Student: 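Please find one structure pasted underneath; my questions will follow.
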Amino acid sequence: MGRNGHALRISVIGTGYLGLTHAVCMADLGHQVLAIDVDADKIAKAARGEVPFFEPGLEPLLRKNLESGRLRFTGSFADVGEFGDVHFLCVGTPQAPGGDADLSHLYAAVDALAPHLTRESLLVGKSTVPVGTARLLLAKARAAAQAGDLVDLAWNPEFLREGYAVRDSLTPDRIVLGVTSGRAERILRQVYATPLATGIPALTMDLETAELVKVAANAFLATKISFINVMAEMCEAAGADVLQLADAIGLDERIGRKFLSPGLGFGGGCLPKDIRAFRAAAAERGVNSLVGLLTTVDAINLGRRARVAELTRSAVGGDLAGKRIAVLGVAFKPNSDDIRDSPGLDICDRLSAEGALVTVHDPVAMANAARVRPGLRYVDSVGEAAQDAEVVLHLTEWSDYRAIDPAALAEIVAKPVLIDARCTLDVGLWREAGWTVHVPGRP
Ligand code: NAD
């Protein structure tokens, strides 16, 4: 028994951003945890106490739980089947070429695990999936498992935010339990006994609703961001200030200020692919109004990237060829090294395609960026990035960038022109230091 008196033997399949965090947090709640990934390097690193990505607070918690003996890693699905009573599916569900979700990792994980399920066990899906996936996985698992119908499956979508993953995993706003049996619900309540005891609400529902809750939440957040970004376009056209507008409407508690930040829009490994997969699922079922909504949200979002590229082009007089551009930030958001569908990298691509010489700085995401965009120039300081630049682009709102001394930076650029695409710098300070500043949506 762990310290919570409800300890279970849990496996976690897939140890990326979601799975590694989940495995560590499950162990920290007192459960015995065995985690597996097909990437042997990731497993080896994690077993040594190294987190292979940037996530504040995760590494000390990983080490603590390795030392306690509650958390272990393996490369063998036979070990996992033997060990676990509850198996969390945390593998990736990336975007397929047509925009729908690529479920091949999820199917492969169940194919690999099911032959080792020889007794009553519960699979729990955490990955983000199109509605209907859970029932297909359940049928697949039961057909291949020796334990047959003793294998059950629940859906327990994850809402963690990169950068706050540990806090969000240990103290989520709510826990969604998609189940088809009372037994599955009881087990999941045991898994989450510690957070539930603090009053965090658990919502029990069917598998389909649980699958939809996750994508609906992401669709709402994406819509909110695209909403404020079209307001930015309107403000720009009308000579108004979108930041003041966001503050004013955000104080209405029916609206709320969070996710109402105008700027470069959303990116990352979740929101963009999740709304596209949701659109594909809606199209398949003929829910055309949802297809229309999500198509618009996506187009508005991508339009922000085009707009910043256009502002950059006009800032250098219309021709980007041979122009030095400094890019501050390519992580899709601060406190993360994730560059999946990064708005910053997208803008680098657009500018490079027109012959601009792009130099990139990011506090933690440069190694990841260099792997996918080896052709860009990467430097270790803001100063090196800005050296002789004709435009400085602020593309990820790292707090480090709010501490930049604009007067010192003005000394080393070719022209003091700033585009604050994230609308978070102290524009007054930059202007006082002699900079020409463009902020989309602000006068
Ligand atoms: P990721 O790419 O970081 O991690 C996925 C991991 O699964 C990789 O380490 C990969 O090697 C492993 N994997 C792939 N196939 C496997 C298999 N057959 N067996 C074992 N391991 C396998 O992705 P992620 O960001 O952790 O996302 C995982 C899922 O969680 C996605 O569905 C995503 O939408 C969802 N999600 C992510 C977040 C987030 O903030 N990253 C938040 C909520 C939900």
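Start at 1 and go down the list; that is how both ligands and their atoms are numbered. When reading the values below, keep in mind they use all heavy atoms of this one structure, side chains included, and skip hydrogens, waters and symmetry mates. Not measured: the values here are computed from a predicted model.
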Student: Measure the distance from atom 32 (O) of ligand 1 to every protein heavy atom, then report the residue, atom name and distance (to 0.1 Å) of the closest one.
Tutor: Thr93 OG1, 2.5 Å
Student: Which protein heavy atom lies closest to atom 12 (C) of ligand 1, and at what distance to 0.1 Å?
Tutor: Asp37 OD2, 3.2 Å
Student: What orientation do Phe53 and Tyr17 show, parallel under 30°, tilted 30 to 60°, or perpendicular over 60°?
Tutor: tilted
Student: So which protein heavy atom does atom 4 (O) of ligand 1 come closest to, and at what separation?
Tutor: Gly16 CA, 3.2 Å
Student: Evaluate the ring planes of Tyr192 and His22, with Trp represented by its six-membered ring, and classify them as parallel (under 30°), tilted (30 to 60°) or perpendicular (over 60°).
Tutor: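 Rings of Tyr192 and His22: tilted, as their planes differ by 30° to 60°.
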Student: Which of the numbered atoms in ligand 1 are below 4.0 angstrom from a heavy atom of Ala109?
Tutor: 18 (N)
Student: Of all the non-hydrogen atoms in the protein, which one sits nearest to atom 35 (C) of ligand 1, and at what distance?
Tutor: Thr128 OG1, 3.6 Å
Student: Give the residue, atom name and distance (to 0.1 Å) of the protein heavy atom nearest atom 30 (O) of ligand 1.
Tutor: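 Here the nearest protein heavy atom works out to Leu18 CD2, 2.8 Å.
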Student: Can you list every pair that meets side-chain hydrogen bond (donor to acceptor under 3.5 Å, both in side chains) and has a residue in residues 164-174, with sequence neighbours left out?
Tutor: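 Checked against side-chain hydrogen bond (donor to acceptor under 3.5 Å, both in side chains) - neighbours excluded - the pairs reaching residues 164-174 are Arg161-Asp168.
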Student: Students should be able to answer this: which protein heavy-atom is nearest to atom 43 (C) of ligand 1, and at what distance?
Tutor: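 The closest one turns out to be Glu158 O, 3.3 Å.
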Student: Taking distance alone, no hydrogens or angles, what donor-acceptor pairs closer than 3.5 Å link side-chain atoms of residues 33-47 to residues at least two apart or in another chain?
Tutor:
unit_1: Asp37; atom_1: OD1; unit_2: Asp39; atom_2: N; d: 2.8
unit_1: Asp37; atom_1: OD2; unit_2: Thr15; atom_2: N; d: 2.6
unit_1: Asp37; atom_1: OD2; unit_2: Thr15; atom_2: OG1; d: 3.1
unit_1: Asp39; atom_1: OD1; unit_2: Asp41; atom_2: N; d: 3.0
unit_1: Asp39; atom_1: OD1; unit_2: Lys42; atom_2: N; d: 3.2

Student: In the protein, what heavy atom is nearest to atom 37 (C) of ligand 1, and what distance, to one decimal place, separates them?
Tutor: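 The closest one turns out to be Cys270 SG, 3.4 Å.
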